[in-house]
Amino acid sequence: MKKTQIITTVIEYDSVNELSQQDQLLVKNAKETALNSYAPYSKFNVGAAVQLNNGEIIQGNNQENSAYPSGLCAERVAIFYANAKFPNVPVQAIAITARTNGSFLETPVPPCGSCRQVLLETEARYKQPIKVILCGEKKIKIVESIRELLPIFFDKEMLDE
Ligand SMILES: [Zn+2]
């Protein structure tokens with residue numbers, strides 16, 4: 001038997017003003033699009049903004065449905081739209097924000113497991129790490145690759161074994 005440890009490196013900031021101009025703009029886009037989410041059931045409005053290598057920023061927000069599983073998270077709405085519109089352009093970063101009861105959350109909200117898996121596939125597809133910016137009002141957490149949040153992962157290499 002062998003026990004191993006996996007270390008996740010997270011960079012924390014107390015204010016969005018400490019981020020680079022590019023990351024601040026991405027967070028601004030994520031917050032802006034959270035206001036347009038369709039979340040009548042959870043009333044939990046999530047906004048995601050994706051930075052592409054060509055300079056484009058793609059926004060996405062959660063889209064709920066009365067048949068609950070038919071809805072989709074903000075992160076996947078943004079990533080899938082980015083990949084649909086610019087299929088040959090790598091993704092550099094994604095910023096994620098959430099609001100409920102009329103204000104943005106103080107603590108950063110991480111992506112769900114399914115969104116982590118999709119971000120992982122996107123990293124592998126473009127062979128470029130995706131910086132993940134989790135933005136709360138009182139704390140911002142950044143990881144330099146989605147692999148930090150999904151260290152033991154399933155990918156296409158396993159399909160070939
Ligand atoms: Zn998700």
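In each ligand, atom 1 is the first atom listed, and ligand 1 is the first ligand listed.
- Remark: the backbone N or O of Asp14 is paired with a side-chain donor or acceptor of Glu18 at under 3.5 angstrom.
- A 4.5 Å side-chain heavy-atom check between Thr122 and Phe80 finds every atom pair outside the cut-off.
- Judged by distance alone, the side chain of Lys43 and the main-chain N or O of Pro40 form a donor-acceptor pair under 3.5 Å.
- Ordered by chain and number, Cys73 SG, Cys112 SG, Cys115 SG make up the set of protein N, O or S atoms under 2.8 Å of the Zn ion (ligand 1).
- Crowding of Glu121 atom CD: a count of heavy atoms from other residues, nucleotides or ligands under 6.0 Å not exceeding 12.
- Within a 6.0 Å sphere centred on NZ of Lys139, other residues, nucleotides and ligands contribute more than 12 heavy atoms.
- Using a 4.5 Å heavy-atom cutoff, the side chains of Leu35 and Asn45 are not in contact.
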